[in-house]
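Everything below concerns the one structure shown next.
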Amino acid sequence: MTPAARLSAAIDVLGAIEAERIPAQNALKSWGTAHRFAGSGDRAAIAGLVFDALRRHASSAYLMDDDSARARLLGALKLERGLDVEAIAALCNGERFAPAPLSEAERNALATRTLDEAPSEIAGDYPAWLDPHFAEAFGDDRVKEAAAMASRAPLDLRVNTLRAKREKAQAALSHLGATPTPWSPLGLRIVLGADARNPGVHAEEIFLKGGVEVQDEGSQLAALFTQAKPGEQVVDLCAGAGGKTLALAAMMQGKGRLLATDRDKRQLAPIHQRLSRAGVHNAEIRSPRGAEDVLADASGKADLVVVDAPCTGTGTWRRNPDAKWRMRPGALEIRLKDQVEVLTRAASLVKPGGRLAYITCSVLPQENSGQIEAFLAREPGFTVVPPAEVITALGERAAAFREAVRLSPQGLLMTPLRTGTDGFFVSLLRKAG
């Protein structure tokens with residue numbers, strides 16, 4: 001497919017996402033099924049264009065003074081790809097499979113309009129109802145922070161120390177351009193271009209042998225900050241597909257007891273195969289069984305309880321750009337209630353002197369510092385481990401990380417702008433002993 005034909009296809013897919021109100025991946029899959037002549041490179045390029053337009057949903061519509069799928073793709077070409085008017089006009093030449101030529105209004109908008117006077121939520125590309133929350137979180141930096149959350153994320157990998165060393169894993173993935181992550185001592189990063197295809201890490205020998213796992217650097221750091229140690233009894237209360245469970249198991253070096261569960265057993269489905277591939281032998285999966293308390297034997301005995309809390313996911317917008325536009329105010333209220341419930345359960349599992357690690361992939365204060373403040377009011381037996389002390393787990397990198405990360409009395413917040421990771425909040429609490 002020509003670049004112009006790819007742009008036409010992206011306009012069609014974006015239109016389907018809006019008309020049918022379906023996730024972007026579903027729309028892209030449907031288009032690929034209906035257009036089997038398109039190669040993998042074509043599909044990757046079309047997906048890149050669609051996600052660019054979703055990342056710049058508000059700003060591109062503002063730039064073009066038009067919120068149609070075509071207008072937002074054209075605006076994204078300027079804002080995200082940096083193309084000038086003539087380069088965009090060359091793609092929209094009206095020839096076979098190409099978009100129709102630019103109208104005079106489109107040319108004028110691309111040539112003269114800017115985001116200089118745009119409201120914060122437009123320039124930062126986030127839903128308007130979130131502006132008070134972003135103002136509380138970031139103040140005058142909210143546009144910069146949100147714009148970074150609209151950028152394309154790299155592919156981050158965590159080296160599984162039960163199977164490999166980082167130097168070996170990097171050498172095995174050198175053909176993909178893997179380089180060490182700046183903060184995590186276990187991470188590798190593969191930077192992806194705008195039209196890049198998925199590098200197929202899952203088919204690499206080092207992955208198949210359990211040497212690496214796909215995991216954002218922020219998630220890797222969140223696991224490190226729990227300070228899990230060999231020989232401890234650890235509970236991963238919201239294990240999901242097992243990303244942090246695997247990281248915790250490696251930190252424990254196969255020694256001690258690791259219990260992993262999740263209130264939705266469907267989320268746990270991939271964890272068994274992942275644990276086996278990673279060489280983890282000290283983890284027990286406790287799938288929920290109706291009203292039965294599957295962690296009754298761990299009550300008050302855990303050295304560490306990890307709560308990777310259900311949240312709005314605002315910190316992962318780089319990877320799920322369409323999710324932000326589907327988010328509604330009611331979703332925040334639901335998540336806040338879920339977090340209270342899981343924190344209450346977690347508190348009962350921690351032994352005297354033990355730790356509770358609260359983690360979200362959100363940047364909203366209500367889900368982060370606010371939730372910890374409310375927890376401490378309900379559970380006066382817990383205190384926050386000073387965040388500056390928590391980040392000493394990074395060793396020689398700790399001082400630089402402290403300058404980059406956002407610290408508060410309740411915990412630390414990583415963001416794409418400041419740490420180059422997804423948005424993660426971490427609070428480590430200790431129970432009086």
Side-chain angles (χ1 to χ4, degrees), residues 162 219-265 267-268 271-272 274-275 278 280-289 291-311 338-360 371-372 374-387 389-390 393 410-411 424-433:
L162 297 176
S219 182
Q220 297 177 39
L221 295 174
L224 286 172
F225 293 150
T226 68
Q227 302 176 8
K229 301 176 182 66
E232 289 189 323
Q233 177 157 295
V234 177
V235 177
D236 188 354
L237 199 52
C238 306
K244 290 187 181 66
T245 309
L246 294 167
L248 293 168
M251 293 171 67
M252 296 170 70
Q253 300 173 21
K255 302 170 185 176
R257 188 185 192 201
L258 175 56
L259 305 178
T261 190
D262 196 284
R263 68 177 184 177
D264 185 349
K265 62 182 177 183
Q267 296 291 328
L268 289 168
I271 199 171
H272 302 276
R274 296 183 74 185
L275 289 170
V280 175
H281 303 295
N282 65 323
E284 301 175 34
I285 310 304
R286 301 286 181 87
S287 296
R289 294 190 291 268
E292 180 183 349
D293 183 0
V294 296
L295 295 174
D297 60 326
S299 181
K301 298 178 181 178
D303 296 285
L304 169 65
V305 178
V306 178
V307 174
D308 189 0
C311 67
D338 291 341
Q339 290 156 13
V340 170
E341 179 183 323
V342 73
L343 275 168
T344 300
R345 187 183 184 197
S348 69
L349 296 170
V350 183
K351 76 177 187 181
R355 310 180 306 286
L356 192 165
Y358 177 74
I359 303 166
T360 74
Q371 198 64 270
I372 294 302
F375 173 78
L376 293 174
R378 298 192 307 270
E379 301 282 351
F382 284 83
T383 57
V384 176
V385 178
E389 179 183 328
V390 171
Q410 296 78 30
F424 277 94
F425 175 80
V426 181
S427 181
L428 186 64
L429 305 109
R430 191 178 301 280
K431 188 173 184 178

Extract all donor-acceptor atom pairs below 3.5 Å that involve side chains of residues 380-387 and protein atoms in other chains or at least two apart in sequence.
none

I need the L162 CG to M251 CE distance, nearest 0.5 Å.
12.0 Å
Does the side chain of I285 reach to within under 4.5 Å of the side chain of H272, using non-hydrogen atoms?
yes
Taking side chain as C-beta onward, heavy atoms only, is Y358 less than 4.5 Å from Q339?
yes
Which atom pairs, one a donor and one an acceptor, fall under 3.5 Å between side chains of residues 231-248 and the rest of the protein, sequence neighbours left out?
residue : atom : partner : partner atom : Å
E232    : OE1  : K229    : N            : 3.0
E232    : OE1  : R355    : NH2          : 3.0
E232    : OE2  : R355    : NH1          : 3.0
E232    : OE2  : R355    : NH2          : 3.4
Q233    : OE1  : R257    : NH1          : 3.2
D236    : OD2  : T245    : N            : 3.4
D236    : OD2  : T245    : OG1          : 2.6
K244    : NZ   : S219    : OG           : 3.2
K244    : NZ   : D308    : OD2          : 2.9

Between A298 and L259, which heavy-atom pair has the shortest distance, and what is it?
CB-CD1, 3.8 Å
Residues at least two apart in sequence or cross-chain that pass side chain to side chain donor-acceptor pair (under 3.5 Å) with R378, listed by chain then number, are none
Output all residues satisfying side chain to side chain donor-acceptor pair (under 3.5 Å) with R345, sequence neighbours left out; order by chain, then residue number.
none
Please report the closest heavy-atom contact between V294 and S287, naming both atoms and the distance.
CG1-O, 3.5 Å
Got a sec, which residues hit side chain to side chain donor-acceptor pair (under 3.5 Å) with D338, two or more places apart in sequence or on another chain?
R263, R335
On a heavy-atom basis, the closest approach of A228 and L304 is CB-CD2, 3.7 Å
Give the minimum heavy-atom separation between A260 and I271, together with the two atoms involved.
CB-CD1, 4.3 Å
Neighbour count above 12 (heavy atom, 6.0 Å) for E284 CD:
yes
Kindly compute the distance separating OG (S348) from CG (L343), expressed to the nearest 0.5 Å.
11.0 Å
When T261, D293, D297 are each screened for side-chain hydrogen bond (donor to acceptor under 3.5 Å, both in side chains) with R286, the one that passes is D297
Please report, to 0.1 Å, the donor-acceptor pairs under 3.5 Å made by any side chain of residues 426-433, with sequence neighbours excluded.
residue : atom : partner : partner atom : Å
S427    : OG   : Q410    : O            : 2.6
K431    : NZ   : V350    : O            : 2.9

